[in-house]
Protein chains: 2
Amino acid sequence: MTSQDDDFDPRDFLPYLLNRAADASSLEFQAIYKARYGILRTEWRVLFHLGLFGGMTAKEIGARAGIHKTKISRAVARLEQRRFLSRTRDRRDRRRETLALTGAGRAAYNDLRDVARDYDAALVGDLGTEEAERLRAMLRQLTRGRS
Amino acid sequence: MTSQDDDFDPRDFLPYLLNRAADASSLEFQAIYKARYGILRTEWRVLFHLGLFGGMTAKEIGARAGIHKTKISRAVARLEQRRFLSRTRDRRDRRRETLALTGAGRAAYNDLRDVARDYDAALVGDLGTEEAERLRAMLRQLTRGRS
DNA sequence: AGCTAACAGTTGAATTTGTAACTAACAAGC
DNA sequence: GCTTGTTAGTTACAAATTCAACTGTTAGCT
């Protein structure tokens with residue numbers, strides 16, 4: 001497959017384009033949750049997994065979101081400090097602790113979910129509804145089996 | 001625009017899907033340039049801009065790639081240490097220095113460009129050629145005006 | 001029971017990044 | 001020529017991330 005020709009422009013490289021679009025599209029939203037709740041990207045992700053699925057362990061969040069356990073551990077500690085979540089140690093298996101949002105955590109989740117919805121709508125507006133759906137499908141496919 | 005309904009699933013959020021696909025699709029390639037040349041992502045990006053466009057200043061690379069000048073500065077320093085690039089201070093404006101790949105730098109660029117081409121082809125294989133072109137166009141559009 | 005391996009989660013040290021302040025060089029106005 | 005403002009690039013310090021080693025707990029095997 002490897003060729004000698006000089007006909008490949010790395011600016012077209014999909015991982016490059018994906019990274020740039022990901023960075024660009026995250027920037028504004030990131031500024032919002034940082035300003036409103038003083039949280040970082042990993043913390044927002046933990047928040048949204050708990051908001052969406054209810055109680056989960058750190059391990060499960062990491063597995064679903066593709067985030068390393070040390071990052072989760074530190075994000076959970078900070079969210080706990082800010083009283084956005086609480087931990088409950090499992091009776092059956094005392095290594096595991098189930099995480100759940102507090103009232104404040106759920107309020108933040110609901111707020112940010114709404115902001116995300118609006119922001120997503122703006123992006124979809126740029127692309128057209130049908131194209132945006134195509135995009136989501138392709139992004140899921142690229143992630144599947146590779147993460 | 002903001003709604004009270006509960007009908008938005010953050011797993012569909014485009015920045016989230018973009019970030020996951022970007023991470024997933026970068027991982028393998030990242031492992032390759034790290035293992036072969038001991039370089040990081042920003043260093044690879046600097047390398048590929050220089051390989052593609054020839055001599056440029058750090059500022060220009062940063063502007064084109066959307067990378068902050070401090071990251072560029074450190075990436076350039078490391079690439080210089082590894083003898084992948086050399087600097088030439090401009091006669092006309094002695095604040096500026098033009099960067100250019102050395103022989104070793106060009107060899108690394110050529111090698112990695114080929115790897116990138118093959119890797120890109122594998123991703124395109126997953127999506128289909130036409131869909132992949134659509135994807136690139138959408139990613140460029142999302143980046144445009146937002147970065 | 002006693003031993004070993006695996007697992008959930010945390011922590012410390014080294015690396016990397018981000019923010020702001022800095023140096024050196026140029027440019028424009030007076 | 002001298003001030004003031006801007007620019008290219010670097011650096012210092014704080015914050016975040018990674019990697020490996022660690023604690024405490026469970027499960028399996030003999």
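Numbered from 1 within each chain, the chains take letters A, B, ... in sequence-line order.
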Would you say a side-chain N or O of [X] is under 4.0 Å from OP1 or OP2 of [N]?
X: Ser73(A); N: dG9(C); result: no
X: Lys59(A); N: dA8(C); result: yes
X: Lys71(A); N: dT18(D); result: yes
X: Arg41(B); N: dT17(D); result: no
X: Arg78(A); N: dA16(D); result: yes
X: Arg95(B); N: dA24(C); result: no
X: Arg94(A); N: dT25(D); result: yes

For the side chain of Arg74(B), counting heavy atoms from C-beta on, which of dT10(C), dT17(C), dT18(D) is nearest?
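Looking only at side-chain atoms, Arg74(B) lies closest to dT17(C).
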
For the helix from dA1(C)-dT30(D) to dC30(C)-dG1(D), what angle separates the axis at the start from the axis at the finish, each from five pairs, in steps of 10°?
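Axis-to-axis angle, ends of the helix: 10°.
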
Carboxylate-amine/guanidinium contact [X] [Y], below 4.0 Å:
X: Arg113(B); Y: Asp120(B); result: no
X: Asp23(A); Y: Arg20(A); result: no
X: Arg92(A); Y: Asp90(A); result: no

Where does the angle between the aromatic ring planes of [X] and [Y] fall among parallel (under 30°), tilted (30 to 60°) and perpendicular (over 60°)?
X: Phe13(B); Y: Phe8(B); value: perpendicular
X: Tyr109(A); Y: Trp44(A); value: parallel
X: Phe29(A); Y: Tyr33(A); value: perpendicular

Let me know the distance between [atom1] of [X] and [atom2] of [N], rounded to the nearest Å.
X: Arg91(A); N: dT25(D); atom1: CZ; atom2: C1'; value: 16 Å
X: Glu43(A); N: dA15(D); atom1: CD; atom2: P; value: 14 Å
X: Glu97(A); N: dT23(D); atom1: CD; atom2: P; value: 18 Å
X: Ile72(B); N: dG9(D); atom1: CD1; atom2: P; value: 10 Å
X: Asp23(A); N: dT17(C); atom1: CG; atom2: C1'; value: 13 Å
X: Leu27(B); N: dT18(D); atom1: CG; atom2: P; value: 11 Å
X: Asp90(A); N: dA8(C); atom1: CG; atom2: C1'; value: 10 Å
X: Lys69(A); N: dT17(D); atom1: NZ; atom2: C1'; value: 16 Å

Which heavy-atom pair separates His49(A) from Ala65(A) by the least distance, and what is that distance?
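Taking every non-hydrogen atom into account, CE1-CB, 3.5 Å.
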
If you assign each of Glu60(B) and Arg89(A) to its closest nucleotide in DNA chain D, which residue comes earlier from the 5' end?
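First, find each residue's nearest nucleotide; the 5'-ward one identifies Glu60(B).
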
Along DNA chain D (nearest heavy atom to each residue), the more 5'-positioned of Leu40(A) and His68(A):
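Its nearest nucleotide lies further toward 5', so the answer is Leu40(A).
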
Once you apply a heavy-atom cut-off of 4.0 Å, does Thr70(A) come out as touching a base, just sugar-phosphate, or nothing?
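If one applies the 4.0 Å heavy-atom cut-off, Thr70(A) turns out to touch a base.
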
Tell me whether Arg96(A) contacts the main-chain N or O of Arg89(A) through its side chain, where contact means a donor paired with an acceptor under 3.5 Å.
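Flag not set: sc Arg96(A) to bb Arg89(A) has no pair under 3.5 Å.
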
